[in-house]
Amino acid sequence: MTQVTERSPLLSRDERGRPAVLVSAALRGALAAGLGLGSLAVLVAALWISSPAPDSGPGEAFHAAAGLWLLAHGAELLRTETLTGAPAPMGVVPLLLSALPVWLVHRAARDVLEPEEGRGAPSPGGAFALVTGGYLLVGGAVALYARGASLSARPLSLLFPGALVVAGAAAAGVWTASGRPLGPPPSWAPVRLHEAMARTRFLRRADAVGRSALAGTAALLGGGALVVASALVWHGAPVQESFLRLSGDWGGRVAVLLLALGLVPNAAVWGAAYGLGPGFALGTASTVTPLAFTGAPAVPDFPLLAAMPAQGPGAPLNWAAGAVPVAAALTVAWFTVGRAVPARGVREEAWGPGETALTTALGAAGCGLGAALLAAGAGGPLGTHALADFGPVWWLTGAAALAWTTVIGVPAALLLRAWRLRGREDGATEEEPAETAENPQPAVPVSVPAKAVSTADGGDGEGGAAADEADIDAYDFLPTDPWHAREADAPPGPPAASA
């Protein structure tokens, strides 16, 4: 009885601490959702207040903020206030607007597993479930609040991709807080995969694939942004006219400018798709590629869309956009070879041609996957009929990125590897010479002192044989290590005491 009463305070303290940790993790997810929603609501309210003649009250402004917050997670909105009276979808997500909620969820999941000193933390799986659940709980309440307003979300789009985006960001935060581990392979995986995961070489190759894929995707986005910036400068007059025509007061122009800034990442993805070749759609009957601008575009009046090329066949200036995928392929090759061939003075073995080509091809596949995901998020419908298809086709963009980076990146990686290995024998580094275990250096024999081959008492008796064995053990061959080779010229010391 005494033991139970002595242990009860400790047990009750543990029982009280565990629910507090779980509740804190769920509250962090809810707080992340509230911060994103509050930031957007403040921005929309400021624009509504600055408008000289608002058409609606503050309630409608907050409903619009709730709809935009749901749109930032990938949900498809329905506009009820249209000229025809029929609801029209709006599925083009401003990618810059999506960066804030994704970062907030990622930060919340990471902070749950990195608590302050003296506080407990849930398991990685528990942190993921609690942060995601707390965030989605607030998201469900916001969806119910926006239902029936002029901008409401489709229920299915709240699950996919809305909930999937939140879960992915939370999973990335948990993975970051856990040290970015690759984790063990599943039990049904082949034995060779289990053995490979245990080797450091496999981890090096996985890291090289991830880095090259991210670098290639970033090069595509950077090249697409450069294409868009060049087009805006080339068509400066139409862009300025469109910007001034949309609104006559400074409040409306600020709103148009903010919307254009939120769509800059989308425009970069469109520019990358344009350079890759598939281009993008301006409605169901029009396609823009470097080779031609075909069909009748259904283009709404907007500054970014005023920078489109002229209709008809493409000119050599349009073909120059093909430099974007070439730069992405060379980036993938450069980052792969940076890990395949260590720098001089690094004690690491250089990869073979086959391993380098395979790693480059896997990096190209990752670059194609990233381009496809970005293209899927950068486009969508802007209405019905002619505006039902707007932006790049995700699978064509991904396939084109994979083809460009593989066809150009793999040969470029092999050539770059050969160039970096010039002057090195058999791909070895300076610290690790070409001689390996297959061609070992010959052992350096050391002359055995005369005393080691003589008997202890000057005869061939039993005591002399024992002394011979002791002396030979004491003066065995020196090791082949260069550090010990310096002692080869030194005279041998006195024999062992036992001799």
Side-chain angles (χ1 to χ4, degrees), residues 92 216-217 219-243 245 260 263-331 364 367-368 371-372 374-383 385-409 412:
V92 178
T217 306
L220 279 178
L221 284 179
L226 184 60
V227 169
V228 173
S230 303
L232 289 174
V233 173
W234 189 266
H235 302 85
V239 170
Q240 184 179 5
E241 292 177 3
S242 175
F243 178 75
R245 188 168 52 245
L263 290 171
V264 164
N266 299 61
V269 177
W270 288 29
Y274 181 81
L276 287 169
F280 49 87
L282 289 179
T284 56
S286 178
T287 305
V288 183
T289 65
L291 298 178
F293 184 174
T294 59
V299 182
D301 191 6
F302 196 71
L304 291 178
L305 297 177
M308 294 296 163
Q311 286 186 283
L317 190 61
N318 303 105
W319 305 340
V324 173
V326 174
L330 295 179
T331 303
C367 180
L374 289 173
L382 276 181
H385 304 294
L387 290 177
D389 190 9
F390 213 72
V393 181
W394 67 269
W395 63 271
L396 282 177
T397 304
L402 173 62
W404 277 95
T405 49
T406 303
V407 172
I408 298 178

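A quick note: this is a predicted structure, and the numbers were derived from the prediction, not measured.
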Under the 3.5 angstrom rule, does the side chain of [X] hit a backbone N or O of [Y] as a donor-acceptor pair?
X	Y	value
Trp270	Ala378	yes
Gln311	Thr294	no
Ser242	Pro238	no

Review point. If you measure from OG1 on Thr289 to CH2 on Trp319, what distance do you get to the nearest 0.5 Å?
Key: 11.5 Å
Exercise for review: Quick one: pull up NE2 in His235 and CG in Leu305 and give me the separation to the nearest 0.5 Å.
Suggested key: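 These two atoms lie 12.5 Å from each other.
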Between [X] and [Y], is any pair of side-chain heavy atoms under 4.5 Å apart?
X	Y	answer
Pro303	Gln240	no
Thr406	Trp404	no
Pro309	Trp234	no
Met308	Val299	no
Phe280	Thr287	no
Leu387	Pro381	no
Val269	Tyr274	no
Phe302	Leu263	yes

Practice item. Would you tell me whether Asp389 and Thr284 have side-chain atoms, one donor and one acceptor, within less than 3.5 Å of each other? Key: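 Asp389 vs Thr284: no donor-acceptor pair found between side chains.
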Work out which heavy atom in [X] is nearest to a heavy atom in [Y]; give both atom names and the distance.
X	Y	answer
Gly277	Pro290	O-CD, 4.0 Å
Ala219	Thr331	CB-OG1, 3.7 Å
Ala329	Thr405	CB-CA, 3.7 Å

